[in-house]
Protein chains: 2
Amino acid sequence: MEYLSMLPGPTNVPNRVMRAMLAPIINHRSDDFVELYTDVVDKTQQVFQTKNDIVALSASGTGAVEASVINIVKKGDKIIIPVNGEFSGRLAELIEAQGAHVVKLQTPPGQNATFDQVKEAFDNNKDVKAFYVVHNETSTGTMVNYLDRISDLTSRNDSMYIVDSVSILGGVNLPVDKWNIDVCMTGAQKAIAAPPGISPISVSPKAKKYMIANPPPTMYFNLARYFKYYEESKHTPFTPALPLLYAYREALSIMLEEGLEHVFKRHKVCSDALYSSLSAIGLTPFAKQEDRSISIIALNYLDGLEDKIFRDTLADKFKVLVAGGFGNLKGKVFRVGCMGEVNKYHVMRTVSAISSTLAMMGYKTDAQAGLKTAEEKLKAL
Amino acid sequence: MEYLSMLPGPTNVPNRVMRAMLAPIINHRSDDFVELYTDVVDKTQQVFQTKNDIVALSASGTGAVEASVINIVKKGDKIIIPVNGEFSGRLAELIEAQGAHVVKLQTPPGQNATFDQVKEAFDNNKDVKAFYVVHNETSTGTMVNYLDRISDLTSRNDSMYIVDSVSILGGVNLPVDKWNIDVCMTGAQKAIAAPPGISPISVSPKAKKYMIANPPPTMYFNLARYFKYYEESKHTPFTPALPLLYAYREALSIMLEEGLEHVFKRHKVCSDALYSSLSAIGLTPFAKQEDRSISIIALNYLDGLEDKIFRDTLADKFKVLVAGGFGNLKGKVFRVGCMGEVNKYHVMRTVSAISSTLAMMGYKTDAQAGLKTAEEKLKAL
């Protein structure tokens, strides 16, 4: 019996996507490759809702995030970034390492900076070069809900707008062109439901022009090099992870066949069902209500509930995988991923397995209320 | 009918390795992952013939090469590097981009700097911080044959010794510890015969100490971060390309089952057979005799032979893939890969297909002499 992966990524990968990896290894300097890669670019543009340039990097999400930093941020630049967890903290650190002046909007874990706080930072820093934001903070299960309003600020201050949507793009509406996002990136192993190892990034004409004029002193993440190769030959400058590109393309095809609207709705309904039903059985979400992520549900442990025993029981007895806390939250929360091919069966099985595990560990929980709530919420699908 | 890939990489991948990619996607923060990754590290150490630390990067070979540069080379450092083709040129460029002072030993394409020239550079630059060398120049089909003698020079000058063996490690003897190589890297898609996307790098205690004390202002290729995660938990800092790690491990297992000595011998015999037989049918190798690569055989085009028609005919009629020239050598040479699972059937089929293609294109070639020569040479296997 295989695991049901309810992790914050990598997530379950459909068999159709796994099998796509078995395509023969081709020459990455051939017409066969051009056919594959132009299709990858085209489908990525559809999922990102953009006409911007696309680079599909052979790297983890962090690789794409790093590319967004080293191609944009130079010594002395002023950058605004909200920070409230491990991944936004890492991003701020990486920006600081370039010698930038970072205006950090720090909030407690589980709580986002408000739009007004962001606006105030723009008011006080007219010379800001770029606004970086982690769309969905994987470590705490929070999500920023005002990305549609940011370009009023970035366009007013003539600064760039960069969204790290590694752990949610594809699971929630994020129209890159409509919202004027200059650079946006994600990882294939999250809401897109491909294996890890491909991380697409979109770059607006404005950001592209800047990158070409100011290339970083490195190679693998030098995006100007990718633009040049693509324009000249539709190739990538370095040998790409071919089997993963095939899988990623297949995963994009599945999303587009379902239709983005329905994919977003499915994520939202499953997420609502998980929050409500897990609350009904007696657990409490970690994040502040209005900041809660759709794709990652962080839950506080009940008093005395031991992280490792809980997750091991869930995995061994019920074959359901969830993740522990990250960094400071280790042992205090666990995280349930709600992404990719997530559907009503995944939700019911997860709620049932979690409440059964709690019961086996001696906790009094209301399993019936939990399952009823889930069933009710899932009717919206 | 599937292609026989006689490319300079990616090379043919055995079915056993392809199928390994279908292993379920696991949590990269779990005991299952520890089992996988420690095995990857152990088997990589065996193939690299080293006890040094290993990092298996989720990136192309260029990623590992970049890691070797940004973790070692700082502004003002003096670096010696032989340059005679596209990849050694790129490496020198990347080193220069760090603000280093590069002592470039430039030789014509197809010809290596001699050991005496290298020695002279060490004599004239007592303060050299590191010697970088491309073991096997993929663009021209040359290979450096004196890597066993370099550590006399690096130890005398107290400098570091870094070998980019991306396109040959595993195909020829390269005992990292015996030859005192501080940093060595390769790509999975060459002599190891795995799909592209994993690039292992070995780091000596001396180089490791330096990297930890002087981390680069980036993240994805910051090797100190990988050492820390491995020591603490046997994890990687970023989500690895899991299916490719499974495939890479399987490919290493196949090599170790065959035995490294036999793998090296098989590469050498197949390479000798290709050089001799293709010469017998009337082609001439591009590289100088004593500098010829075992894994990449570059051949001059006969007068008037058009690159694209030749390679397309070979691919369409005989399903054999070879590569064209790279950079300045485009249209002037073609390149036959001899790596990974290469065996006598591959060689015979390739020689037969090349001579048949030449015949179809109206060239008088001695097919019989070519095939007889190949058969004779292959008896050594």
Side-chain angles (χ1 to χ4, degrees), chain A residues 2-3 5 7 9-13 15 18-19 21-22 24-30 57-63 65-67 69-70 90 93-94 96-99 187 189 195-198 215-221 236-244 247 311 315 321-324 326, chain B residues 2-3 5 7 9-13 15 18-19 21-22 24-30 57-63 65-67 69-70 90 93-94 96-99 187 189 195-198 215-221 236-245 247 315 321-324 326:
Chain A
E2 285 202 5
Y3 287 114
S5 167
L7 296 168
T11 187
N12 303 294
V13 177
N15 284 336
M18 292 297 276
R19 281 194 302 264
M21 288 193 288
L22 298 181
I25 300 290
I26 55 173
N27 184 356
H28 62 292
R29 305 271 173 245
S30 71
L57 290 166
S58 293
S60 87
T62 305
V65 171
E66 174 161 334
V69 172
I70 62 167
R90 268 192 196 179
E93 203 184 296
L94 183 57
E96 257 163 3
Q98 311 313 306
Q189 78 279 19
I198 298 291
T218 57
M219 247 192 311
Y220 199 68
F221 297 130
T236 54
F238 316 115
T239 314
L242 291 163
L244 301 183
R311 290 192 295 121
L321 299 180
V322 301
F326 205 94
Chain B
E2 286 202 5
Y3 287 114
S5 168
L7 296 168
T11 187
N12 304 293
V13 177
N15 285 336
M18 293 296 275
R19 281 195 302 266
M21 289 194 287
L22 298 181
I25 301 290
I26 55 172
N27 183 357
H28 62 292
R29 305 271 173 246
S30 70
L57 290 166
S58 292
S60 87
T62 304
V65 171
E66 174 161 333
V69 172
I70 62 168
R90 269 192 195 179
E93 204 184 295
L94 183 57
E96 258 164 2
Q98 311 313 307
Q189 78 279 19
I198 297 291
T218 58
M219 247 193 309
Y220 199 68
F221 296 130
T236 54
F238 315 115
T239 315
L242 291 163
L244 301 183
L245 269 186
L321 299 179
V322 301
F326 205 94

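Residue numbers start from 1 in every chain, and the chains themselves are labelled A, B, ... in the order their sequence lines are given, proteins ahead of strands. Bear in mind that the values here come from a model prediction, so they are computed numbers and not experimental data.
For the options B:Ala315, B:Gly61, B:Gly63, B:Ala323, heavy-atom pairs under 4.5 Å to chain A are most numerous at B:Gly63. Contacts with chain A were tallied for B:Ile26, B:Leu94, B:Ile198, B:Val13; B:Leu94 has the most, counting heavy-atom pairs under 4.5 Å. Of the listed residues (A:Pro237, A:Gly197, A:Ala97), the greatest number of heavy-atom pairs within a distance under 4.5 Å of chain B belongs to A:Ala97. Looking only at heavy-atom pairs under 4.5 Å with chain A, the residue among B:Gly324, B:Ser60, B:Gly9, B:Pro216 that has the most is B:Ser60. Counting heavy-atom pairs closer than 4.5 Å to chain B, the top-ranked of the candidates A:Leu321, A:Leu57, A:Asn27 is A:Asn27. For the set B:Arg29, B:Arg19, B:Arg90, the entry with the most heavy-atom pairs within less than 4.5 Å of chain A is B:Arg90. The residue among A:Gly99, A:Ala59, A:Pro195, A:Ala247 with the most heavy atom pairs within less than 4.5 Å of chain B is A:Ala59.
Every residue two or more places apart in sequence or in another chain that forms a ring pair (Phe, Tyr, Trp, His ring centres under 6.0 Å) with B:Phe326 is listed here: B:Phe87. Listed by chain and number, the residues in a side-chain hydrogen bond (donor to acceptor under 3.5 Å, both in side chains) with A:Thr239 are A:His28 (sequence neighbours excluded).
Residue A:Pro240 touches chain B through its backbone alone, counting heavy-atom pairs closer than 4.5 Å. For B:Ile70, the part lying under 4.5 angstrom from a heavy atom of chain A is the side chain only. Proximity to chain B is limited to the side chain of A:Pro243, based on heavy atoms less than 4.5 angstrom apart. Proximity to chain A is limited to the backbone of B:Ser58, based on heavy atoms less than 4.5 angstrom apart. Proximity to chain B (any heavy atom under 4.5 Å) is restricted, for A:Thr11, to the backbone atoms N, CA, C and O. Contact of A:Leu244 with chain B is made through the side chain alone, with heavy-atom distances under 4.5 Å. Proximity to chain A (any heavy atom under 4.5 Å) is shown, for B:Leu242, by both the backbone and the side chain. Neither the backbone nor the side chain of A:Glu96 comes within contact range of chain B; no heavy atom of the residue lies under 4.5 Å from a heavy atom of that chain.
At a threshold of 4.5 Å between non-hydrogen side-chain atoms, the residues B:Pro196 and A:Ile25 count as touching.
Note that the OG1 atom of A:Thr218 and the CD atom of B:Gln98 stand 7.5 Å from one another [nearest 0.5 Å]. To the nearest 0.5 Å, atom CE of residue B:Met219 and atom OG1 of residue A:Thr62 are 6.0 Å apart.
In this pair, A:Tyr220 and B:Phe221 present their aromatic rings perpendicular. The plane angle is above 60°, beyond the 30 to 60° band.
Closest approach of B:Met21 to A:Met18, counting heavy atoms only: O-CE, 3.6 Å.
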